[in-house]
Engineer: 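Supplied in structure tokens, the structure appears directly below.
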Amino acid sequence: MVSDAEPVDHQIAVVGAGPAGLTAALLLRSQGFDVTLVGPRPAGDPRTTALLTGSVNVLAAAGAWSRAEDHAAPMRTMRIVDATDRLVRSPEAAFQAGEIGLEAFGFNIENDALNRALIETAEAADLPWIEAPVESAETAGGRIVMSAGGKRVSALLAVAADGARSFMREAVGIGTRSWTYPQQALVTIFGHTLSHNDTSTEFHTRSGPFTVVPLQGRRSSLVWVVHPDEAPWLERMTDGELAREIEIRTHRLLGRVTVEATRGLLPLSGMVARKLADERVALVGEAAHRFPPIGAQGLNLGFRDIAGLAEVLVQARDRGADPGSDATLSAYARRRRADVESRTLAVDLLNRSLLSDFVPVSAARGIGLFAATAIGPLRRFVMREGLAPAIGAPRLVRGLPL
Ligand SMILES: Cc1cc2nc3c(=O)[nH]c(=O)nc-3n(C[C@H](O)[C@H](O)[C@H](O)COP(=O)(O)OP(=O)(O)OC[C@H]3O[C@@H](n4cnc5c(N)ncnc54)[C@H](O)[C@@H]3O)c2cc1C
């Protein structure tokens with residue numbers, strides 16, 4: 001329903017009310033910008049997210065961490081186990097948060113619980129919110145005008161947080177580079193009789209990673225990446241059969257398993273936008289990039305986009321500059337490009353190395369993990385890089401004020 005009513009003016013419209021959009025809107029509002037959120041309430045989401053420390057800092061700055069914290073479980077140890085059965089295997093690598101002076105690497109939370117905490121924060125802050133999808137968007141007279149749910153909104157800047165199939169990205173003609181993997185991910189939540197000891201374990205198998213991440217209590221989330229040929233077998237399994245399979249694959253480290261939640265089976269793909277901003281639109285989260293669920297990178301990278309954007313916008317405001325001008329958008333794209341490109345490449349290379357039967361690739365992975373496990377300073381560097389790139393990370397990610 002496109003309306004011809006007079007548009008309501010705001011400085012910034014955040015489009016998309018998933019975790020990235022809700023966080024962006026709250027954070028920018030907390031920095032004193034006049035913000036409206038546009039997008040339907042998030043639907044049920046079977047995923048869980050391992051939030052690294054930098055993301056917790058961003059959620060705290062947005063005012064939402066105190067509500068999310070009660071539903072999140074700390075990850076104090078991260079273990080990587082090579083279960084590929086290949087000729088050249090990587091030794092097991094276990095990283096302790098204490099080794100780099102942290103209490104925990106991060107916190108695992110169900111996406112539904114995270115979204116609930118963000119929505120409660122938005123309601124407590126009286127964040128203006130049009131709960132409908134954007135149906136049209138066009139730039140005119142130094143503003144971007146959008147229609148949604150029979151209303152019109154005009155802004156100097158639109159922050160596109162409307163997911164991998166971003167309407168806003170397409171509306172301003174930003175293309176993407178996309179690729180697919182011969183993989184699907186089974187996601188579920190399960191209870192277990194033994195404690196997980198706050199340990200997240202990633203078993204690297206021939207078809208992809210089998211990752212178990214602690215939730216609160218004796219519960220964990222599973223992301224099991226499989227070849228599409230295995231998908232029908234997984235779909236047919238009863239909950240009891242799936243539970244037994246998890247017990248075997250986790251080497252019974254967690255005792256007896258009971259599958260709790262509905263399962264999701266998701267095809268895996270990668271995508272990166274050819275530009276991070278254009279025509280008064282800045283892309284954040286999955287509107288800008290998407291890659292397979294390895295090493296807890298997706299939403300964490302999205303939170304770094306949001307923190308980087310907030311930093312650039314505050315600097316622009318201090319100079320009296322327009323938040324949606326070409327100069328401000330170029331500054332945002334420069335600020336984020338290296339992090340987005342390097343994370344996309346790193347996750348893609350790791351994923352492809354897991355898929356490859358070519359010995360030198362396995363050997364390189366083996367030697368790489370071995371070096372990282374054995375050598376102290378290198379190991380600490382790998383751990384820090386996995387959390388967030390320390391060099392040049394946005395101030396809010398590092399826990400510093402803007
Ligand atoms: C199996 C799996 C496990 C994962 N685990 C992790 C992890 O441990 N750590 C991590 O960091 N990341 C993880 N990720 C990635 C993470 O889940 C995503 O990066 C994140 O959920 C994306 O959030 P988003 O807000 O950018 O997009 P979305 O969650 O897709 O939200 C987009 C929102 O935009 C809305 N929208 C769409 N079109 C419009 C429109 N026209 N107008 C307005 N609104 C619109 C949608 O309704 C939706 O609410 C995982 C992903 C998968 C698949």
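Residues: numbered from 1 along the sequence shown. Note that the structure is predicted; figures quoted are calculated from it, not measured. Numbering of ligands and ligand atoms starts at 1, following listing order.
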Engineer: Below 3.5 angstrom, do we get any N/O pair linking Thr49 and ligand 1?
Structural biologist: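 There is no such contact.
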Engineer: Measuring from non-hydrogen atoms of Pro40 to any atom of ligand 1, is the shortest distance under 4.0 Å?
Structural biologist: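 So Pro40 counts as touching ligand 1.
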Engineer: Do Leu37 and Ile130 come close enough that some side-chain heavy atom pair is under 4.5 Å?
Structural biologist: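 No, every pair of side-chain atoms sits at 4.5 Å or beyond.
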Engineer: Which of the numbered atoms in ligand 1 are below 4.0 angstrom from a heavy atom of Val187?
Structural biologist: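 By the 4.0 Å cutoff, the relevant atoms are 1 (C).
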Engineer: So if I count the atoms of ligand 1 from 1 in the order they appear, which ones are less than 4.0 Å from some heavy atom of Gly39?
Structural biologist: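 So the answer, numbered in order with elements, is 43 (C), 44 (N).
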Engineer: Under 3.5 Å between some N or O of ligand 1 and some N or O of Asp45?
Structural biologist: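 No: no nitrogen or oxygen of Asp45 is under 3.5 Å from one in ligand 1.
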Engineer: Check each atom of ligand 1 against the heavy atoms of Val38 and keep those under 4.0 Å away; list them by number with element.
Structural biologist: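 Once the distances to Val38 are compared, the set is 43 (C).
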Engineer: Hey, which atoms in ligand 1 end up nearer than 4.0 Å to a heavy atom of Val15?
Structural biologist: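 Close to Val15: 42 (N), 43 (C).
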Engineer: With only distance considered, is Ala20 within less than 3.5 Å of ligand 1 through an N or O on each side?
Structural biologist: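 Yes, at least one N or O pair falls under 3.5 Å.
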Engineer: Can the ring centroids of Phe203 and His251 be said to lie less than 6.0 angstrom from one another?
Structural biologist: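 Under 6.0 Å, so yes.
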Engineer: Enumerate the atoms of ligand 1 whose separation from the nearest heavy atom of Gly285 is less than 4.0 angstrom.
Structural biologist: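 Numbered from 1, ligand 1 contributes 26 (O).
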Engineer: When you compare the side chains of Thr199 and Arg79, does any donor N or O come within less than 3.5 Å of an acceptor on the partner?
Structural biologist: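 No, no side-chain donor-acceptor pair sits under 3.5 Å.
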Engineer: If the cut-off is 4.0 Å to any non-hydrogen atom of Val134, which atoms of ligand 1 fall inside it?
Structural biologist: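 By the 4.0 Å cutoff, the relevant atoms are 40 (C), 41 (N), 42 (N), 43 (C).
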Engineer: Does Thr48 have a non-hydrogen atom less than 4.0 Å from ligand 1?
Structural biologist: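 Right, Thr48 reaches ligand 1.
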Engineer: What atoms of ligand 1 come within less than 4.0 Å of a heavy atom belonging to Leu266?
Structural biologist: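 Atoms satisfying the 4.0 Å criterion: 1 (C), 53 (C).
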Engineer: Answer whether the closest heavy-atom distance between the side chains of Val153 and Val134 falls below 4.5 Å.
Structural biologist: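 No, too far: nothing below the 4.5 Å cut-off.
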Engineer: Taking the six-membered ring for Trp, is the centroid-to-centroid distance between Trp179 and Phe291 below 6.0 Å?
Structural biologist: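 Not under 6.0 Å, so no.
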Engineer: With respect to Ala50, determine whether any N or O atom, backbone or side chain, lies less than 3.5 Å from an N or O atom of ligand 1.
Structural biologist: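 Yes, Ala50 has an N/O under 3.5 Å of an N/O on ligand 1.
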Engineer: If only side-chain N and O atoms count, and only distance matters, is there a donor-acceptor pair under 3.5 Å linking Thr48 with Glu110?
Structural biologist: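 No.
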Engineer: So, for Arg335 and Pro394, which heavy atoms are closest and what is the spacing to 0.1 Å?
Structural biologist: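 Closest approach of Arg335 to Pro394, heavy atoms only: NH2-CA, 3.4 Å.
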Engineer: Testing the 3.5 Å rule here: is there a donor-acceptor pair between the side chains of Ser221 and Asn108?
Structural biologist: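 There is such a pair (donor and acceptor under 3.5 Å, judged by atom type) between the side chains of Ser221 and Asn108.
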Engineer: Could you say whether the N/O atoms of Gly21 and ligand 1 ever approach to under 3.5 Å?
Structural biologist: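 By distance alone, the answer is no.
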Engineer: Which of the atoms of ligand 1 are close to Ala161, meaning less than 4.0 Å from one of its heavy atoms?
Structural biologist: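 Near Ala161, meaning under 4.0 Å from one of its heavy atoms, ligand 1 has 32 (C), 33 (C), 34 (O).
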Engineer: Are side-chain heavy atoms of Arg152 and Met146 found at a separation under 4.5 Å?
Structural biologist: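 Side chain of Arg152 against side chain of Met146, heavy atoms only: no contact under 4.5 Å found.
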Engineer: One residue to check: Arg47. Relative to ligand 1, which of side chain, backbone, both or neither has a non-hydrogen atom less than 4.0 Å away?
Structural biologist: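 Side chain only; the backbone of Arg47 stays clear of ligand 1.
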Engineer: Regarding Ser154 and His10, is there a side-chain donor-to-acceptor distance under 3.5 Å anywhere?
Structural biologist: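 Result is no, nothing qualifies.
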Engineer: For ligand 1, find out whether one of its N or O atoms is nearer than 3.5 Å to an N or O atom of Phe167.
Structural biologist: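 By distance alone, the answer is no.
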Engineer: Check the side chains of Ser136 and Ser147 for a donor-acceptor pair under 3.5 angstrom, ignoring hydrogens and angles.
Structural biologist: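 The criterion, which ignores hydrogens and geometry beyond distance, is satisfied for Ser136 and Ser147.
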